[in-house]
Colleague: 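Just passing along the structure, written as structure tokens.
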There are 2 protein chains.
Amino acid sequence: MEDDAKKELIEYNDKEFNCSLAFALHLIGDKYKSLIIYHLKDGAQRSGELQKSITDLSNRMFTYSIRALEKDNLVKRTVYPVTPPKVEYELTEEGKSLIPIVLELNKWGQDFASKHHLYAP
Amino acid sequence: MEDDAKKELIEYNDKEFNCSLAFALHLIGDKYKSLIIYHLKDGAQRSGELQKSITDLSNRMFTYSIRALEKDNLVKRTVYPVTPPKVEYELTEEGKSLIPIVLELNKWGQDFASKHHLYAP
DNA sequence: CGGTATCCCCTACGATACTG
DNA sequence: CAGTATCGTAGGGGATACCG
């Protein structure tokens, strides 16, 4: 029973999760969060660079996603008091613990796309 | 570059994905799909049992999610022509390849919840 | 028992414009 | 350069009722 799915209730920010898997997906499951984590895997990145590195990531959704990751203590934000402003983001230790999972999921997606010949010419 | 994120375009069901990670999340990232995969990890299950095993899973969302998984060739559906009707679901080989990832993600969620003392008494 | 159909809501997400 | 504000949309998701 130890490593089985816990049925115990998880409470987080006034929300409830019946399963740790559902909870994990809440933290990183939406469209851009895991992409951000992926792109931060090799170290801190400047805000603009990070945003540009992710295709189709609008400024609005970037802010939205990175703020959520920050709140959840997966990403750390550092502001340098210079002009023009400079902001860097990097993974926290807890955020880094997600890297292997994200890498695996990415690889799985690659394999699936290759097997089914989904890559456009 | 081999195991890096491919920038190549993935086309799937009239949708486009710029990253294999985003694509993978499209396949299993929403609220219940990964939970279904998790609960099928030990073998085939009868429809009703499977549905009941997942807390808060409505009949409607169960059908919706399992149909999508079926279309994506991650789950196989077997109908037994008896009365009353009996239907079983099981992971395909491709679906099984997701088990380790889902297990890891589940464990990660457990660890996070434990560290932050999120488990309700 | 297993599944579909309808109605409706909420929110993740997009586009655009604007501030320090 | 970094971020916020506002408006608008699509679809994931809940509740309920109904078929073979």
Side-chain angles (χ1 to χ4, degrees), chain A residues 12-19 21-23 25-36 39-40 44-72 75-90, chain B residues 12-19 21-23 25-36 39-40 44-72 75-90:
Chain A
Y12 189 68
N13 291 342
D14 295 330
K15 295 183 180 175
E16 299 185 341
F17 303 89
N18 293 292
C19 173
L21 186 53
F23 174 60
L25 282 170
H26 170 74
L27 292 183
I28 61 153
D30 51 39
K31 195 170 177 185
Y32 294 114
K33 286 183 189 172
S34 55
L35 289 180
I36 291 176
H39 282 269
L40 283 178
Q45 278 215 27
R46 198 160 168 175
S47 185
E49 297 303 309
L50 177 57
Q51 190 182 327
K52 271 186 293 183
S53 70
I54 301 176
T55 315
D56 288 335
L57 174 53
S58 68
N59 186 282
R60 182 188 171 289
M61 280 313 293
F62 173 68
T63 306
Y64 174 91
S65 305
I66 203 92
R67 289 286 171 277
L69 291 170
E70 216 184 326
K71 264 195 175 179
D72 298 335
V75 162
K76 185 188 167 203
R77 178 173 184 258
T78 308
V79 181
Y80 297 91
V82 294
T83 26
K86 175 182 173 181
V87 176
E88 277 191 350
Y89 293 101
E90 64 187 317
Chain B
Y12 190 67
N13 291 341
D14 295 329
K15 295 183 182 176
E16 300 185 341
F17 303 89
N18 293 291
C19 175
L21 185 54
F23 173 61
L25 282 169
H26 169 74
L27 292 183
I28 62 153
D30 52 41
K31 196 170 176 185
Y32 295 114
K33 286 184 189 172
S34 55
L35 290 179
I36 291 176
H39 282 268
L40 283 177
Q45 279 215 28
R46 195 160 170 176
S47 185
E49 297 303 311
L50 177 57
Q51 190 182 329
K52 270 185 293 182
S53 70
I54 302 176
T55 316
D56 287 337
L57 174 53
S58 67
N59 186 281
R60 181 188 172 288
M61 280 314 292
F62 173 68
T63 306
Y64 174 92
S65 305
I66 204 92
R67 289 286 171 276
L69 291 171
E70 216 185 326
K71 266 196 175 179
D72 298 335
V75 163
K76 185 188 168 204
R77 179 173 185 257
T78 309
V79 181
Y80 298 90
V82 295
T83 26
K86 175 181 173 182
V87 176
E88 276 190 352
Y89 293 101
E90 65 186 317

Colleague: Can you tell me how far P of dC1(D) sits from CD of Gln51(A), to the nearest Å?
Modeller: 11 Å
Colleague: What is the distance from CE of Met61(B) to C1' of dC9(C), rounded to the nearest Å?
Modeller: 14 Å
Colleague: Looking across every strand, which nucleic acid part, if any, lies under 4.0 Å from Tyr80(B) by heavy atom: base, sugar-phosphate, or nothing?
Modeller: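 Contact class for Tyr80(B): none.
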Colleague: For dA12(C), does either OP1 or OP2 sit under 4.0 Å from a side-chain N or O belonging to Arg67(A)?
Modeller: no
Colleague: More 5' along DNA chain C: His26(A) or Pro85(A), using each one's nearest nucleotide?
Modeller: His26(A)
Colleague: To the nearest 0.5 angstrom, please state how far the CG atom of Leu57(B) sits from the CG atom of Leu35(B).
Modeller: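 Separation between the atoms: 8.0 Å.
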Colleague: Between dG3(D), dG2(C), dC1(D), which nucleotide has the shortest distance from any of its atoms to the side chain of Arg46(A)?
Modeller: dC1(D)
Colleague: Counting only side-chain heavy atoms from C-beta out, which of dC1(C), dG3(C), dG14(C) sits nearest to Ser58(A)?
Modeller: dG14(C)
Colleague: Could you label the plane-to-plane angle of the Phe17(B) and His26(B) rings as parallel, tilted or perpendicular, counting under 30° as parallel and over 60° as perpendicular?
Modeller: tilted
Colleague: Could I get a table of every N or O pair under 3.5 Å where one atom is in the protein and the other is in nucleotides 5-11 of chain D?
Modeller:
from, atom 1, to, atom 2, distance (Å)
dT6(D), O4, Arg60(A), NE, 3.2

Colleague: Less than 3.5 Å between a donor and an acceptor, one on the side chain of Asp30(B) and one on the base of dG12(D), is that the case here?
Modeller: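 Result: no qualifying N/O pair found.
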Colleague: Could you tell me whether Lys86(B) atom NZ has more than 12 heavy atoms of other residues or ligands within 6.0 Å of it?
Modeller: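 Yes, enclosed.
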Colleague: For Lys33(B) and dG12(D), is the shortest distance between a side-chain N/O and OP1 or OP2 below 4.0 Å?
Modeller: no
Colleague: Nearest whole angstrom, please: distance from the P of dG12(D) to the CG of Asn59(B).
Modeller: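 For the pair Asn59(B) CG and dG12(D) P, the rounded distance is 18 Å.
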Colleague: Taking atom OG of Ser53(B) and atom CG of Leu40(B), what is their separation to the nearest 0.5 Å?
Modeller: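 CG of Leu40(B) is found 8.0 Å from OG of Ser53(B).
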Colleague: From CG of Leu25(A) over to C1' of dA12(C), roughly how many Å is that when rounded to an integer?
Modeller: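 In whole Å, dA12(C) C1' and Leu25(A) CG are 15 Å from each other.
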Colleague: Minimum heavy-atom separation for Tyr12(A) to Lys71(A), with atom names?
Modeller: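 Scanning both residues, the minimum pair turns out to be OH-O, 4.2 Å.
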Colleague: Could you tell me the separation between the CZ atom of Phe17(A) and the P atom of dG13(D), rounded to a whole number of Å?
Modeller: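 Those two atoms, CZ and P, are 12 Å apart.
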Colleague: I need the CD-P distance between Glu49(A) and dC1(D), as an integer number of Å.
Modeller: 9 Å
Colleague: Look at the side chain of Tyr32(B) and the backbone N and O of Ile66(B), then say whether any donor-acceptor pair between them is shorter than 3.5 Å.
Modeller: no
Colleague: State whether Ser47(A) places a side-chain N or O below 4.0 Å from either non-bridging phosphate oxygen (OP1 or OP2) of dG3(D).
Modeller: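 The answer is yes; a side-chain N or O of Ser47(A) sits under 4.0 Å from OP1 or OP2.
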Colleague: Between dC1(C) atom P and Ile66(B) atom CD1, what is the distance in whole Å?
Modeller: 18 Å
Colleague: Which of the following nucleotides, dG14(D), dG3(D), dG3(C), is nearest to the side chain of Phe62(B)?
Modeller: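 In terms of side-chain proximity for Phe62(B), the closest of dG14(D), dG3(D), dG3(C) is dG3(C).
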Colleague: Under 3.5 Å, side chain of Gln45(B) to main-chain N/O of His39(B), donor-acceptor pair present?
Modeller: yes
Colleague: Mind calculating the distance between OH (Tyr32(A)) and C1' (dT11(C)) to the nearest angstrom?
Modeller: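 Roughly 15 Å, once rounded to whole Å.
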